[in-house]
Amino acid sequence: MDYRKQFVIAPDAKVRLEKIDPAYTGTHESHAKAIPAIQAHVARMDTLQNLLYADGNQSLLVVLQALDAGGKDGVVRHLFSGMNPQGTSVVGFKQPSQVEAAHDFLWRAHRHAPGKGEIVIFNRSHYEDVLVVRVHKLVPPSVWSKRYALIKDFETMLTQNGTRILKFYLHISPKEQLERFKARLDDPGRQWKISESDYAERALWADYVAAFEEAMERTSTQHAPWYVIPSNHKWFRNLAISQIIADTMDEMDLKLPKPHVDIAAMRRKYHVAATEQAER
Ligand code: AMP
Ligand code: MG
């Protein structure tokens, strides 16, 4: 199954999240049976990340968005942990700092955009400025409504500079969210993730859905597509996202750079050194 085709939001398509089953697992029966496929995609991602770094001409930006407990941290942990830290980074977007708030909304995102050869994962992103900001009326509609076009232009600029952009909405049901909230309460190792605002935000579910739907409708493009990933099952989420990232990187035409030395000459130097070493 090609999950890029299955889960992509086509440019200008309507998005109705209630029509997408968050518990979907495709033809895969269980986590255990999906493990080899997930491992294979993650191994491909790791190899391609090395190649991206060596190639040094392009970059990859992965945007993760979801409602609370949607699994953004889990995606980072499970899918990116095998990558070389040299050339990979994760940026979390929290409430803007004073300095960030003093700038335009894209400023902090732009500062963290990947340089050539790099992969950057945005754990939340510039999309918060048409999501939480819209839902909580932090700026008037006349301000946030203009941001879709600005985001599209920003992403087009990054693309023209050699950045591939993949945007994932991790789709969970309200019931699954509540189960995850409970798991956090019951697990001392995860209680730190509980936020004062969890239930107030949950009460705004419909408003967030409306904001996500409009954001994805207005900013999913050929070069910076949105994918809605069924995420009630963490393993299926990991399977779909790892396949989409690996397939995308496969198509980036990444190449090892040509050696910048004369390999035959270097080999002769090596033999001289090896002979000297042996004679010591
Ligand atoms: P967490 O990801 O759980 O650490 O929470 C980060 C919080 O920062 C979330 O409640 C986000 O909605 C919030 N946040 C992120 N970006 C913005 C923004 N631009 N304006 C207001 N709140 C934001
Ligand atoms: Mg949170």
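Just so you know, ligand 1 is whichever comes first in the structure, and atom 1 is the first atom listed for that ligand. If you're wondering where the values come from, they're calculated on a predicted model, not measured in any experiment.
W235 and F80 fall within a single hydrophobic cluster, where Ile, Leu, Val, Met, Phe, Trp and Tyr side chains are chained together by heavy-atom contacts under 4.5 Å. Hydrophobic clustering of Ile, Leu, Val, Met, Phe, Trp and Tyr side chains at less than 4.5 Å, counting indirect connections, unites V90 with I245.
The aromatic rings of F212 and Y169 are tilted relative to each other, their planes meeting at an angle between 30° and 60°. Note on ring orientation: taking the six-membered ring where Trp is involved, the planes of Y3 and H28 are tilted (angle from 30° to 60°).
By the criterion of a heavy-atom distance under 4.0 Å, the side chain of R124, and not its backbone, is placed next to ligand 1. Residue Q65 does not touch ligand 1, judged by heavy-atom distances below 4.0 Å.
Comparing E128, K72, H136 by heavy-atom distance to atom 12 (O) of ligand 1, the nearest is E128. The residue among V132, V135, V130 with a heavy atom at the shortest distance from atom 21 (C) of ligand 1 is V132.
Under a 4.0 angstrom heavy-atom cut-off, P96 registers as being in contact with ligand 1.
With salt bridges taken as basic N to acidic carboxylate O contacts below 4.0 Å, none links R184 and D186. For the pair R134 and D207, the salt-bridge criterion is not met [side-chain N within less than 4.0 Å of a carboxylate O].
Geometrically, R108 does not engage F93 in a cation-pi contact defined by less than 6.0 Å to the ring centre and at most 45° from the axis.
Counting the atoms of ligand 1 from 1 in the order shown, those under 4.0 Å from a heavy atom of D129 are 19 (N). Taking every heavy atom of R108 and a limit of under 4.0 angstrom, the matching atoms of ligand 1 come to 16 (N), 17 (C), 18 (C), 19 (N). Close approach to V133 involves these atoms of ligand 1, each under 4.0 Å from a residue heavy atom: 20 (N).
For a threshold of 3.5 Å applied to N or O pairs, the pair formed by K94 and ligand 1 contains at least one separation below that value.
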